[in-house]
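Positions are given from 1, in the same order as the sequence printed here. For ligands, and for the atoms within them, numbers begin at 1 and follow the listed sequence.
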Amino acid sequence: MGSVWTAIFVVLAAISVSHAQLSPTFYNQTCPNVTNIVSGVITSAAQSDPRIGASLIRLHFHDCFVQGCDASLLLNNSATIVSEQTALGNNNSIRGLDVVNNIKSAVESSCPNTVSCADILAIAAQVSVVLAGGQSWTVQLGRRDSLTANLSLANSNLPSPFFTLDQLKQNFSNQSLDTTDLVALSGAHTFGRAQCRFFDNRLYNFSGGNPDPNLNTTYLATLRQLCPQSEVGRNTNLTNLDLTTPDIFDKNYYSNLQLKNGLLNSDQVLFSTAGADTIAIVNNFSANQTAFFEAFAASMIKMGNISPLTGSQGEIRTQCNMVNGASSGLMGVASAESQDGLVSSM
Ligand code: HEM
Ligand SMILES: *[C@@H]1O[C@H](CO)[C@@H](O)[C@H](O)[C@H]1NC(C)=O
Ligand SMILES: *[C@@H]1O[C@H](CO)[C@@H](O)[C@H](O)[C@H]1NC(C)=O
Ligand SMILES: *[C@@H]1O[C@H](CO)[C@@H](O)[C@H](O)[C@H]1NC(C)=O
Ligand SMILES: *[C@@H]1O[C@H](CO)[C@@H](O)[C@H](O)[C@H]1NC(C)=O
Ligand SMILES: *[C@@H]1O[C@H](CO)[C@@H](O)[C@H](O)[C@H]1NC(C)=O
Ligand SMILES: *[C@@H]1O[C@H](CO)[C@@H](O)[C@H](O)[C@H]1NC(C)=O
Ligand SMILES: *[C@@H]1O[C@H](CO)[C@@H](O)[C@H](O)[C@H]1NC(C)=O
Ligand SMILES: *[C@@H]1O[C@H](CO)[C@@H](O)[C@H](O)[C@H]1NC(C)=O
Ligand SMILES: *[C@@H]1O[C@H](CO)[C@@H](O)[C@H](O)[C@H]1NC(C)=O
Ligand SMILES: *[C@@H]1O[C@H](CO)[C@@H](O)[C@H](O)[C@H]1NC(C)=O
Ligand SMILES: *[C@@H]1O[C@H](CO)[C@@H](O)[C@H](O)[C@H]1NC(C)=O
C-alpha cells in the first residue's frame, strides 16, 4: 500500500512540477492575439508619450525583484494591501500604470479572465524594446497574479542608483542574476529619463568637495544647468538616461560609459570601478550590438523567470490594481472599520 501511495504522490508531484513551467505558447488556444493587443495599446500611447515603453519595461523589473514576477507592484493600497508603490525605488518614479490598465481592459474584452497582469508586464517589456528598435525574444508566459504585496521587500530588494558595484551585484545575485545579467539589463537605460534627485549627488560635493571624477566634464556642465545645487536631493527635473540616442534601444548606453557619460552612479560604476570584471563586458557590448542584444534577451528571460506563481497559485486578476473580490480604496477601509465597530477619525 505504502508504495502505491508513494507512486501516486510521485505522479502528482510530477504533474504539479510540469504546471510550474512557463511556456511561450501558454495563450495559443485561449488568447492567441494577446501580443498584438498589447502592442496596439502601447503603440497608440507612444504617440503622445515617447517615454512610455521605457516606463513599462521598468515596471516589469520592479515587479520581478519583489516576491517574483507576480504583478504585486500593481496593487494599490486597500484594506488588505500595503502597496509597494511608495517604496524608495517606486515613489513618484514608476509610471505607466494607467497604460497597463488600458492594456488589461483591451485584453479582457478579447479574452476575459485569461491573461494575468504579470504576463502583461512581461509582454509589454518585450514589445516596448522592439518598438524602440531593439531585438525581439520569445516571451515565456503562464504567470499568475499575487494576492499580496510587500512594501518592506520592495525597499530592500530594489537597487539604488547610489550603490557601489558590489552592492548592485549583491542585489542581482540575490535574484540569481549574475554579473553579465547586471551589465546587460542595465543596458535598458538606453532609453527613458531620470530625475535630478537620483544623480545630482554626483554634480557638486561627491567627494572632498568635488564632483564625481568619473563624470565627463562637458556632461557635468550640462547637468549642473538642469539640476542647480540649491535643490540637490529633491529636484524632479528630468533628463535622458542615454544622452546620444535618448529614445532608441541600441548599444550607445555602453559607449557613453566609456566616455564617462553614464547618467546614474549605478551606470558609471560598471565601467569606472577599478579592476572590475564588468569593464570587459561593457567593452564587448559597446563594440558589438549583436552581443548586447543576445545577452539582453537572455537576461530578460531569466529575470522574467524569477519565482512566478503558476498552476493554481494566485489568481488571474480582473483589474490589475486590486485582488479579485476586494472592494477598492476607501470603500475597503470603510467596510473594514465598520466590521470592527470602529468610528473613523480620518
Ligand atoms: C542596476 C540597477 C538599477 C538601478 C539602480 C536603476 C535605477 C533607476 C533610476 C534611479 C531611474 C530613474 C527613475 C526616475 O527618475 O524616476 C531608472 C530609470 C529606468 N530604469 Fe533603471 N535601474 C536599474 C536597473 C534597471 C533594469 C534592470 C531595467 C530594466 C531591465 C531598468 C530600466 C529602466 C528604465 C527603462 C528607466 C527609464 C524609465 C522611464 O523613463 O520612465 N533599470 N532606473
Ligand atoms: C503559437 O502561436 C504563435 C503565434 O501565433 C505561433 O508562432 C506558434 O507556432 C504557435 N505554437 C503552437 C504550438 O501552436
Ligand atoms: C489582433 O489584434 C490586433 C490589434 O488589436 C487587431 O488589429 C487584429 O485584428 C487582431 N486579430 C485578430 C485575429 O483578432
Ligand atoms: C512619496 O513622495 C511624496 C511626494 O514627494 C512624499 O510626500 C511622500 O512622503 C513620499 N512617500 C514615501 C513613503 O516616501
Ligand atoms: C515581506 O517579506 C518578508 C521577507 O520575506 C517577510 O518576512 C514579511 O512577512 C513579508 N510581509 C508581508 C506583508 O507579506
Ligand atoms: C541590496 O543591497 C543593499 C546594499 O548592499 C543591501 O543593504 C540590501 O540588503 C540588498 N538586498 C538584497 C535583497 O540583496
Ligand atoms: C535573498 O536575500 C534574502 C534575505 O536577505 C534571503 O532570505 C534569500 O535566501 C536570498 N536569496 C538568494 C537567492 O540569495
Ligand atoms: C530645471 O531645469 C531648468 C533648465 O532646463 C532650470 O532652469 C531650472 O532651474 C530647473 N528647475 C529646478 C527646480 O531646479
Ligand atoms: C566627454 O564626452 C565627449 C562627448 O560627449 C567626448 O568627446 C570626450 O572624449 C569625453 N571625455 C572623456 C574624458 O571621456
Ligand atoms: C558579435 O557578437 C556575436 C554574438 O555574441 C558574435 O557571434 C560575433 O562574432 C561578434 N562579432 C564580432 C565582430 O566580434
Ligand atoms: C560578448 O558577449 C557575448 C554575449 O554575451 C558573448 O557570447 C561573448 O563571448 C562575449 N565576447 C567577449 C569577447 O567577451
Ligand atoms: C489605483 O490607484 C490609481 C492611482 O491612485 C487610480 O488611478 C486607480 O483607479 C486605482 N485603482 C483601483 C482599482 O482602485
[Y] versus [X], side-chain donor and acceptor atoms under 3.5 Å:
X: S152; Y: N150; result: yes
X: R197; Y: N235; result: no
X: D119; Y: Y27; result: yes
X: N283; Y: Q258; result: yes

### Task
Check L264 against ligand 1 and report side chain, backbone, both or neither, counting heavy atoms closer than 4.0 Å.
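Under 4.0 Å from ligand 1, L264 contributes side-chain atoms alone.
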### Task
Select one of side chain, backbone, both or neither to describe which atoms of L241 lie under 4.0 Å from any atom of ligand 1, heavy atoms only.
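Contact part for L241 vs ligand 1: side chain (C-beta onward).
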My understanding is that we take every heavy atom of each candidate and find the minimum distance to [atom]. Doing that for [options], which one comes out nearest?
atom: atom 13 (C) of ligand 1; options: S93, G53, P50; answer: S93
atom: atom 5 (C) of ligand 1; options: C64, S160, A184; answer: S160
atom: atom 6 (C) of ligand 6; options: Q175, Q167, Q170; answer: Q170
atom: atom 2 (C) of ligand 1; options: P159, A54, G96, G89; answer: P159

### Task
Using a strict cut-off of 4.0 Å, indicate which atoms of ligand 3 neighbour a heavy atom of N36.
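Those atoms are 1 (C), 2 (O), 3 (C), 4 (C).
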#### Entry: Ring centroid separation F65 to F172 under 6.0 Å
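So the answer is yes for these two rings.
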### Task
Could you tell me whether F249 and F296 have their ring centroids closer than 6.0 angstrom?
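Yes, they do, as the ring centres are separated by less than 6.0 Å.
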What atoms in ligand 1 come closer than 4.0 Å to a heavy atom of [X]?
X: A188; answer: 28 (C), 29 (C), 30 (C), 31 (C), 32 (C), 35 (C)
X: F172; answer: 1 (C), 2 (C)
X: A194; answer: 12 (C), 15 (O)
X: G192; answer: 37 (C), 40 (O)
X: P161; answer: 5 (C), 10 (C)
X: R95; answer: 41 (O)
X: F198; answer: 10 (C), 13 (C), 14 (C), 15 (O), 16 (O)
X: L182; answer: 1 (C)

### Task
Compare all side-chain heavy atoms of V139 with those of W137 and state whether any distance is below 4.5 angstrom.
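A side-chain contact exists here, since the closest heavy-atom pair is under 4.5 Å.
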#### Entry: Any T244 side-chain heavy atom under 4.5 Å of N256 side chain
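Yes, at least one pair of side-chain atoms sits under 4.5 Å.
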### Query
At what distance, to the nearest 0.5 angstrom, does CG of L165 lie from CD1 of I279?
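Result: 9.0 Å between the selected atoms.
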### Task
Please round to the nearest 0.5 Å and tell me the distance separating atom CG of L88 and atom OG of S93.
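L88 CG to S93 OG: 10.0 Å, rounded to 0.5 Å.
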#### Entry: Residue that, paired with D70, satisfies side chain to side chain contact (heavy atoms under 4.5 Å, CB included) out of S146, P308, C117, S116
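In the set S146, P308, C117, S116, the residue that makes a side chain to side chain contact (heavy atoms under 4.5 Å, CB included) with D70 is S146.
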Considering heavy atoms of the protein only, find what lies nearest to [atom] and give residue, atom and distance to 0.1 Å.
atom: atom 15 (O) of ligand 1; answer: Q195 N, 2.7 Å
atom: atom 4 (C) of ligand 6; answer: F163 CZ, 3.5 Å
atom: atom 13 (C) of ligand 6; answer: N157 OD1, 3.0 Å
atom: atom 17 (C) of ligand 1; answer: R58 NE, 3.4 Å
atom: atom 14 (O) of ligand 6; answer: N171 ND2, 3.1 Å
atom: atom 27 (C) of ligand 1; answer: L185 CB, 3.6 Å
atom: atom 40 (O) of ligand 1; answer: R51 NE, 2.7 Å
atom: atom 11 (N) of ligand 3; answer: N33 ND2, 2.8 Å
atom: atom 25 (C) of ligand 1; answer: F61 CE2, 3.2 Å

### Message
Using a 4.0 Å heavy-atom cut-off, which part of N174 comes near ligand 6: side chain, backbone, both, or neither?
### Response
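Just the side chain.
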### Task
Using modelled atom types only, decide if a donor and an acceptor are shared between the side chain of N324 and the backbone of I316 within a distance under 3.5 Å.
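Yes, the answer is positive, given that a donor and an acceptor are paired below the 3.5 Å cut-off.
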### Query
Would you find a donor on one side and an acceptor on the other, under 3.5 Å apart, between the side chain of S83 and the backbone of L75?
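Side chain of S83 to backbone of L75, a donor-acceptor pair under 3.5 Å: yes, one is there.
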Do [X] and ligand 1 have an N or O pair less than 3.5 Å apart?
X: R193; result: yes
X: S55; result: yes
X: S186; result: no
X: S266; result: no

### Task
Look at atom 9 (O) of ligand 3 and say whether a protein heavy atom is found at less than 4.0 angstrom from it.
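Not a single protein heavy atom is under 4.0 Å away.
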### Task
Answer yes or no for atom 2 (O) of ligand 3: protein heavy atom present at a distance under 4.0 Å?
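Flag for atom 2 (O) of ligand 3 set to true, protein heavy atom closer than 4.0 Å.
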### Message
Would S110 and I37 count as a side chain to side chain contact (heavy atoms under 4.5 Å, CB included) here? Give the steps.
### Response
CA-CA 9 Å; S110 288; I37 299 169; 3.6 Å; yes
### Task
Begin with the C-alpha distance, continue with both residues' side-chain angles, and end with the deciding distance and a verdict on salt bridge (Lys or Arg N to Asp or Glu O under 4.0 Å) for K169 and D181.
CA-CA 10 Å; K169 284 182 177 178; D181 297 318; over 6 Å; no
#### Entry: Worked verdict on N174 versus N157 for side-chain hydrogen bond (donor to acceptor under 3.5 Å, both in side chains)
CA-CA 8 Å; N174 192 261; N157 285 10; 4.7 Å; no
### Query
Does a side-chain N-to-carboxylate-O contact under 4.0 Å join K302 and D178?
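Counted as a salt bridge, because a side-chain N and a carboxylate O are separated by less than 4.0 Å.
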### Name of whichever N/O/S atom of H189 is nearest to atom 21 (Fe) of ligand 1
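H189's closest N, O or S atom to atom 21 (Fe) of ligand 1 is named NE2.
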### Query
Would a hydrophobic clustering, with Ile, Leu, Val, Met, Phe, Trp and Tyr connected at side-chain separations under 4.5 Å, put V82 with L153?
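No, it is not one cluster - the side chains of V82 and L153 are not joined through contacts under 4.5 Å.
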